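Not measured: the values here are computed from a predicted model.
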Amino acid sequence: MMPILTVDKLTKKYGNHTVVDRISFTLTAGKCIALIGPNGAGKTTALRMITRLIHPTSGKIQFLKENEKEDDRRYIGYLPQHPVFYNWMTGLQFMKYCAELTNIPKEDALQKSERLLDEVGLSEAKHKKIGTYSGGMKQRLGIAQAIIHDPKLLIMDEPVSALDPIGRREVLTLMEKLKEKMTILFSTHILNDADEISDELILLHHGKIVESGSVDTLRKKYRTDKIKLTFEHDHDVYVKEINSVKHVTNVTKDKDAIYVTVSDITAARADLLQLVSQQNWSLTSFIVHTASLEDMFMKVVNDDAVDDNVS
């Protein structure tokens with residue numbers, strides 16, 4: 001597929017402090033891409049540069065468009081982390097106002113506003129004042145205004161971080177629908193959300209991209225299988241023998257269980273179960289875990305920290 005946005009060595013400095021450090025990536029049409037990283041990683045600054053809200057110190061942002069002289073913002077919809085609304089307006093009044101700001105003719109603004117409010121699940125609340133909306137409703141209204149001008153790229157900064165579980169689910173479900181129509185780039189530090197709806201990930205740490213690629217590719221690259229074992233009695237006595245099993249690479253324990261990291265899940269599972277049977281251990285549970293996106297991110301970040309210390 002053809003890229004719609006190319007970012008090349010994008011950098012932002014404030015004095016001697018580098019917030020975003022020479023990041024480069026390409027966004028492909030029809031994908032949902034998560035920009036993930038801890039707070040302070042530079043995610044918001046990167047998004048604000050792409051949306052032309054702030055100027056980069058150096059680097060290039062190139063958007064694929066029909067007319068090179070057109071403003072990039074015509075093709076981009078943006079939802080900031082803390083969107084601002086006029087709480088005295090109704091949802092429909094706000095949408096009509098946003099539509100007219102994007103030069104949509106008045107005769108079309110009402111029809112388009114009503115259609116989008118229906119699309120984001122707010123048709124029944126369109127005549128209610130925004131001040132009465134829940135957090136999830138306001139966020140969905142924010143998404144509706146961000147796409148009122150039919151952008152090719154929707155950019156959202158931490159779209160669900162401040163929501164309760166119900167609001168979070170509402171917005172994630174809406175994002176699932178929208179990614180069928182447009183490219184989505186969103187930032188988050190909630191890795192489960194990125195895992196759930198993203199096609200690709202960009203991992204940002206200390207302003208640098210430390211890893212990127214499709215979710216499936218990164219899972220395979222950083223796959224780490226673990227087995228959790230619990231016993232009726234004190235499990236300390238089992239650790240040494242488990243550590244000696246082939247394909248076991250690491251053993252850790254807490255007060256309730258033993259966690260075994262393995263290089264070959266099939267072989268290690270068979271060997272461990274055979275050992276348990278032969279030794280007649282009082283095993284109460286044996287659970288196989290595949291490493292989560294959080295496990296992968298922590299490994300990448302820790303490896304990056306080690307590289308920084310070495311250099």
Q) Is the backbone N or O of Asp21 less than 3.5 Å from a side-chain atom of Thr18, with the two atoms forming a donor-acceptor pair by type? A) no
Q | Closest non-hydrogen atom pair, Pro83 against Gln139 | A | CG-OE1, 3.6 Å
Q) Looking at Glu158 and Lys43, does any basic side-chain N land under 4.0 Å from a carboxylate oxygen? A) yes
Q. Quick one: CD1 on Ile148 to CD on Glu100, what's the gap to the nearest 0.5 Å?
A. 10.0 Å
Q.
Return the CD1 to CG distance between Ile130 and Leu92, rounded to the nearest 0.5 Å.
A. 10.0 Å
Q: Quick one: closest heavy-atom pair of His247 and Ala268, and the distance?
A: CB-CB, 4.1 Å
Q.
Looking at every heavy atom in both Leu116 and Ala144, which two are closest together, and how far apart are they?
A. CD1-O, 3.7 Å
Q. Between Glu119 and Lys181, is there a side-chain N and carboxylate O pair less than 4.0 Å apart?
A. yes
Q) Do Val251 and Lys240 touch side chain to side chain, with heavy atoms closer than 4.5 Å? A) no
Q. Quick one: does Gln145's side chain have a donor or acceptor within less than 3.5 Å of a partner on Gly142's backbone?
A. yes
Q. With under 30° as parallel and over 60° as perpendicular, where do the rings of Trp281 and Tyr238 fit, or are they tilted in between?
A. tilted
Q: Count the heavy atoms belonging to other residues, nucleotides or ligands that lie under 6.0 Å from NZ of Lys112, then report whether that count exceeds 12.
A: yes
Q.
Donor-acceptor pair, distance only, cut-off 3.5 Å: does the side chain of Thr217 make one with the backbone of Gly213?
A. no
